[in-house]
**Student:** 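Handing you this structure, nothing more for now.
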Amino acid sequence: MLLGYRSNDAVITICQNNQAKSIEISDINKTSEELLGYSNADITHQPLTCILPPRIAELLREYVEFENDANDVGNVLAKVQSFSVIGKNGKETGYRLKVVRAESSGSNIIFKLVLQDKMGLRKNEELRKIIQENFKGHESLDPDTGLPDRKSLGKDIELMGYYNSKSDLRTCFAILQLDHYDDLFSQYGRDVCHALIKHIASVCHQNLRPDDVVGSISYKRIGVLLLDTTPESARMVFNRLRWQIAANPFLLPDKTTIGLSVSISFARIGGFVSDKKLIDGCDKALDKLGAGIANALVEIDEADKRKADNG
């Protein structure tokens, strides 16, 4: 995923202040509040060590260096074995930790600590493995892009509709359309346009989770299946994905580049549009934008209304 976590993950934001030689908790999100028992107000601006067991607190005191380009708290925590946090009830609980470096300024370095429950994670990973095996079992590839084809994506969507009803694993589906396709085709031809679609798919693969699915919908559209996400989180993912595609122009053989943009329609699986009609529904939402609209994000919500964000 684009920032390494999603909005429904448990995230603790911390700040290493090199000037003050401190590591403080800046914020915890709602999921962390529920997981740990603290309110955000309880521990904001408190030392990170106040929720860590002594052995991990000692590692931070021993190895964190408060200098630029030094061994910061992110590097130290990423190497901690058996990471755990002390909840408000005083109980120490182990989590799988993912450390994500965020934007920093001056002497302040910001990190996001993503906590994943080990038992729930193990169950989720087992389910994901089953899902991936089922995806591969019915997968057929589009000959032009080498991606799973439209029929495969339709079966994936129906399969996820089944698992959504049996578990708490939520899923969203989207179609990404290469903007100004007709103009690009007229100027560069079919082979380059196929390469442009594969380039966009590559950007998606690089920035999404390994088990998210990227497939081919048509000559100018690809489909994306986001596992374990809400529409609110998916909107954030797709907004960042639009930016990533715009920030990665396509390199032509003559070493010149083409700047690209995409328009995106998306919906949650199990929502207002039936799973069997979801691909067609997202297609129609893009068709309604018309040829002159670019870089749009359209959500098919519960009332089947189209909400478009341009720019």
Side-chain angles (χ1 to χ4, degrees), residues 1-61 63-64 66 72-80 82-124 168-170 172 209 226-240 243 268 299 309:
M1 169 177 173
L2 290 175
L3 288 182
Y5 64 93
R6 293 189 175 156
S7 59
N8 54 343
D9 287 335
V11 180
I12 301 173
T13 304
I14 64 172
C15 174
Q16 175 177 324
N17 186 324
N18 286 339
Q19 186 173 357
K21 297 187 183 303
S22 64
I23 304 166
E24 293 187 350
I25 299 168
S26 302
D27 177 78
I28 63 172
N29 67 357
K30 187 67 176 177
T31 307
S32 291
E33 289 182 319
E34 295 170 355
L35 196 64
L36 304 177
Y38 299 105
S39 70
N40 197 33
D42 287 338
I43 56 176
T44 297
H45 304 307
Q46 295 298 313
L48 175 61
T49 52
C50 76
I51 62 169
L52 298 179
R55 62 181 180 80
I56 299 178
E58 182 59 31
L59 287 174
L60 298 188
R61 283 190 287 268
Y63 291 107
V64 172
F66 295 96
D72 56 42
V73 63
N75 291 331
V76 175
L77 287 176
K79 297 173 183 175
V80 169
S82 303
F83 182 81
S84 59
V85 174
I86 299 173
K88 192 171 184 178
N89 60 4
K91 181 180 178 182
E92 181 179 331
T93 304
Y95 299 95
R96 192 173 83 167
L97 174 68
K98 185 171 187 176
V99 181
V100 180
R101 183 182 290 268
E103 293 184 8
S104 305
S105 62
S107 61
N108 294 329
I109 311 173
I110 309 299
F111 298 92
K112 306 283 187 178
L113 308 184
V114 185
L115 309 181
Q116 296 175 306
D117 175 69
K118 287 185 175 180
M119 183 62 70
L121 185 66
R122 192 155 43 245
K123 291 179 181 178
N124 222 11
D168 61 355
L169 193 66
R170 298 293 173 256
C172 287
R209 289 179 174 179
L226 294 185
L227 274 64
D228 194 17
T229 191
T230 63
E232 294 78 14
S233 181
R235 177 174 285 272
M236 294 172 60
V237 170
F238 292 129
N239 269 322
R240 296 188 189 113
W243 180 87
R268 75 177 182 89
E299 179 181 358
D309 297 333

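A quick note: this is a predicted structure, and the numbers were derived from the prediction, not measured.
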**Student:** If the condition is side chain to side chain contact (heavy atoms under 4.5 Å, CB included), which residues does K30 pass it with, not counting sequence neighbours?
**Tutor:** E33, E34
**Student:** Any chance you could measure I14, atom CD1, to N108, atom CG, to the nearest 0.5 Å?
**Tutor:** 12.0 Å
**Student:** Heavy atoms, side chains only, cut-off 4.5 Å: are L60 and L52 in contact?
**Tutor:** yes
**Student:** Side chain to side chain contact (heavy atoms under 4.5 Å, CB included) with D27: which residues, sequence neighbours excluded?
**Tutor:** T13, N40
**Student:** Using atom types as modelled and distance alone, determine if a side-chain donor or acceptor of Q19 lies under 3.5 Å from a backbone N or O of S107.
**Tutor:** no
**Student:** State which residues pass salt bridge (Lys or Arg N to Asp or Glu O under 4.0 Å) with K88; sequence neighbours excluded, sorted by chain then number.
**Tutor:** D42
**Student:** Rounded to the nearest 0.5 Å, what separation is found between the CG atom of L77 and the CD1 atom of I23?
**Tutor:** 7.5 Å
**Student:** Taking side chain as C-beta onward, heavy atoms only, is I12 less than 4.5 Å from L36?
**Tutor:** yes
**Student:** So C15 and I110, do their side chains get closer than 4.5 Å, heavy atoms only?
**Tutor:** yes
**Student:** Should L115 and F83 count as side-chain neighbours, where that means a heavy-atom distance under 4.5 Å?
**Tutor:** yes
**Student:** If you apply the rule side chain to side chain contact (heavy atoms under 4.5 Å, CB included), what do you find for Y63 with N75, and how did you get there?
**Tutor:** CA-CA 9 Å; Y63 291 107; N75 291 331; over 6 Å; no
**Student:** Considering residues at least two apart in sequence or located in another chain, which fulfil the side chain to side chain contact (heavy atoms under 4.5 Å, CB included) criterion with K79?
**Tutor:** none
**Student:** Answer whether the closest heavy-atom distance between the side chains of L113 and V85 falls below 4.5 Å.
**Tutor:** no
**Student:** How long is the span from the SG atom in C50 to the CD1 atom in I43, to the nearest 0.5 Å?
**Tutor:** 6.0 Å
**Student:** Less than 4.0 Å between a side-chain N and a carboxylate O, is that true for R61 and E58?
**Tutor:** yes
**Student:** If we only count heavy atoms from C-beta on, is the N239 to R235 side-chain gap below 4.5 Å?
**Tutor:** yes
**Student:** Identify, with sequence neighbours excluded, every residue that meets side-chain hydrogen bond (donor to acceptor under 3.5 Å, both in side chains) alongside Q46.
**Tutor:** none
**Student:** Less than 4.5 Å apart, any side-chain heavy atom of R101 and any of I109?
**Tutor:** yes
**Student:** C172 versus E299: any side-chain heavy-atom pair under 4.5 Å?
**Tutor:** no
**Student:** If you measure from NE2 on H45 to CD1 on I25, what distance do you get to the nearest 0.5 Å?
**Tutor:** 11.0 Å
**Student:** Starting at NZ of K112, measure out to OG of S26 and round the result to the nearest 0.5 Å.
**Tutor:** 8.0 Å
**Student:** Minimum heavy-atom separation for T49 to A57, with atom names?
**Tutor:** CG2-CB, 3.7 Å
**Student:** Using every non-hydrogen atom in the two residues, find where S32 and I28 come nearest and quote the distance to one decimal.
**Tutor:** CB-CB, 3.9 Å
